[in-house]
Trainee: 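Right, I'll just put the structure down here and ask away after.
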Amino acid sequence: MIKVLGISGSLRRGSYNSALLRAATRLMPPEATLEIASIRGIPLYDYDVEAQGIPPTVTQLKEAIARADGVLLVTPEYNNSIPGVLKNAIDWLARPPADVKRVFAGRPFALIGASAGNWGTALSQAAWLPVLRTLGTQPWFGGRIQVARAATVFDEAGNLKDSGLEEQLKQFLAGYVSFVRRQTASSA
Ligand SMILES: Cc1cc2nc3c(=O)[nH]c(=O)nc-3n(C[C@H](O)[C@H](O)[C@H](O)COP(=O)(O)O)c2cc1C
């Protein structure tokens with residue numbers, strides 16, 4: 001069974017990105033699971049805080065990533081780029097540098113995202129690329145999910161109501177999971 005960890009980059013209760021991640025959990029192929037992890041409670045990065053020890057919320061998330069075969073990042077777009085809260089979380093996860101290999105290197109990552117605007121996180125997803133490269137991840141580029149005008153594809157309760165997007169997401173997840181399976185097999 002392939003284990004994927006999904007992380008939404010929004011803390012908002014009614015988040016479209018968290019709704020997209022929840023939709024993904026039920027659209028995974030049968031040979032894979034998608035567990036949702038949260039960045040809630042991760043403090044602002046501060047070296048003085050790090051010097052006192054890595055915060056427990058960071059350690060828990062690092063261990064959850066280390067146990068997973070792959071990571072699905074679900075990113076909002078703020079000012080045409082990465083939202084600070086998610087970047088802050090990833091920066092903490094990359095500390096101390098000696099752990100970067102264990103947590104990130106060679107791990108298959110995929111990116112999806114939803115935004116209220118017309119371009120569906122295209123610029124935010126592009127802004128993540130140097131970060132994923134720096135950390136040595138294996139990003140999967142075989143598909144794209146950039147949900148534009150998110151208010152029109154989710155209902156009031158945050159359920160995905162667009163059947164076209166649902167099918168696209170299902171195909172995306174199937175492609176990503178077969179990539180994860182290939183990567184996992186080749187590194188075994
Ligand atoms: C500070 C800030 C900047 C934003 N910048 C963009 C943007 O550049 N492009 C865009 O499509 N939406 C932008 N938005 C709107 C977000 O797409 C919208 O708030 C969305 O709901 C955020 O994702 P969430 O629902 O998962 O929290 C911005 C929102 C905030 C709060």
Side-chain angles (χ1 to χ4, degrees), residues 4-28 33-46 55 57-58 60-62 64-65 68 70-94 104 108-135 137 139-141 143-173 175-177:
V4 176
L5 192 76
I7 302 173
S8 166
S10 174
L11 298 171
R12 184 171 90 82
R13 208 176 311 121
S15 161
Y16 298 128
N17 287 279
S18 301
L20 186 62
L21 177 54
R22 285 195 304 275
T25 60
R26 67 178 172 78
L27 297 171
M28 287 293 274
T33 59
L34 174 57
E35 183 195 331
I36 295 180
S38 174
I39 58 169
R40 187 172 296 284
I42 293 183
L44 283 177
Y45 180 76
D46 177 342
T57 45
V58 175
Q60 278 160 21
L61 192 48
K62 276 168 73 171
I65 293 176
V71 177
L72 177 67
L73 286 183
V74 190
T75 185
E77 177 170 300
Y78 283 1
N79 294 314
N80 287 176
S81 191
I82 296 174
V85 287
L86 187 51
K87 180 63 163 54
N88 178 70
I90 297 290
D91 291 342
W92 262 119
L93 295 169
F104 291 102
F109 270 62
L111 265 176
I112 59 176
S115 82
N118 287 332
W119 308 107
T121 70
L123 290 168
S124 171
Q125 291 193 31
W128 274 106
L129 301 183
V131 179
L132 296 179
R133 178 184 176 163
T134 294
L135 296 172
T137 67
W140 180 67
F141 295 133
R144 270 186 195 208
I145 298 287
Q146 297 172 341
V147 180
R149 297 174 292 281
T152 65
V153 306
F154 296 101
D155 67 18
E156 293 287 305
N159 299 308
L160 185 55
K161 63 177 185 184
D162 182 310
S163 55
L165 175 59
E166 182 161 316
E167 187 51 35
Q168 245 187 302
L169 185 53
K170 203 170 167 183
Q171 298 296 324
F172 180 100
L173 294 167
Y176 171 55
V177 166

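Order of listing sets the numbers, starting from 1, for every ligand and every atom in it. Everything numeric in this text was worked out from a predicted model, so none of it was measured. FYI, side chains are in, hydrogens and waters are out, and symmetry mates aren't considered; it's all heavy atoms of this structure.
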Trainee: I need the nearest protein heavy-atom contact for atom 19 (O) of ligand 1: residue, atom name and distance, please.
Mentor: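 The closest one turns out to be Tyr78 CE1, 4.8 Å.
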
Trainee: Atom CG in Leu72, atom CE in Met28: separation rounded to 0.5 Å?
Mentor: 7.5 Å

Trainee: Are the side chain of Asn17 and the backbone of Gly9 linked by a donor-acceptor contact shorter than 3.5 Å?
Mentor: no

Trainee: Within the 3.5 Å criterion, strictly below it, is a donor on Thr75 or Thr121 matched to an acceptor on the partner's side chain?
Mentor: no

Trainee: Which residue from Arg149, Glu77, Arg12 reaches closest to atom 6 (C) of ligand 1 through any of its heavy atoms?
Mentor: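 Nearest heavy atom to atom 6 (C) of ligand 1 lies in Glu77.
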
Trainee: Under a 4.0 Å heavy-atom limit, does Ser115 contact ligand 1 with its side chain, its backbone, both, or neither?
Mentor: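 Within the 4.0 Å criterion, Ser115 contacts ligand 1 through backbone and side-chain atoms alike.
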
Trainee: Whether Arg144 engages the ring of Phe141 as a cation-pi pair (distance to the six-membered ring centre under 6.0 angstrom, angle to the ring normal within 45°) should be assessed.
Mentor: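 No, a cation-pi geometry is absent between Arg144 and Phe141.
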
Trainee: Consider every N or O of Asn118 and every N or O of ligand 1, then say whether any pair is closer than 3.5 Å.
Mentor: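 In this structure, Asn118 places no N or O atom under 3.5 Å from an N or O of ligand 1.
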
Trainee: Tyr16 versus ligand 1: do any nitrogen or oxygen atoms come within less than 3.5 Å of each other?
Mentor: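 Such a contact does occur with ligand 1.
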
Trainee: Against heavy atoms of Ser10, which atoms of ligand 1 measure under 4.0 Å?
Mentor: 24 (P), 26 (O), 27 (O)

Trainee: Which is closest to atom 20 (C) of ligand 1 in terms of heavy atoms, Ala116, Gly84, Gly158, Gly120?
Mentor: Ala116

Trainee: Who's the nearest protein heavy-atom neighbour of atom 26 (O) of ligand 1, and how far?
Mentor: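 Nearest neighbour among protein heavy atoms for atom 26 (O) of ligand 1, to 0.1 Å: Ser15 OG, 2.6 Å.
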
Trainee: Considering only NZ, NE, NH1 and NH2 on the basic side and carboxylate oxygens on the acidic side, decide whether Glu166 and Arg26 come within less than 4.0 Å.
Mentor: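 Salt bridge present between Glu166 and Arg26.
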
Trainee: What are the atoms of ligand 1, with element, lying closer than 4.0 Å to any heavy atom of Asn17?
Mentor: 23 (O), 24 (P), 26 (O)

Trainee: At what distance is the nearest protein heavy atom to atom 5 (N) of ligand 1, and which residue and atom is it?
Mentor: Asn79 N, 2.8 Å

Trainee: Would you mind running through ligand 1 and noting each atom that sits below 4.0 Å from a heavy atom of Gly117?
Mentor: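 With Gly117 as reference, the close atoms of ligand 1 come out as 11 (O).
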
Trainee: Which residue and non-hydrogen atom of the protein lie closest to atom 8 (O) of ligand 1, and at what distance in Å?
Mentor: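 Here the nearest protein heavy atom works out to Asn80 N, 2.7 Å.
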
Trainee: Heavy-atom distances under 4.0 Å are what count here, so tell me which part of Pro76 touches ligand 1: side chain, backbone, both or neither.
Mentor: side chain

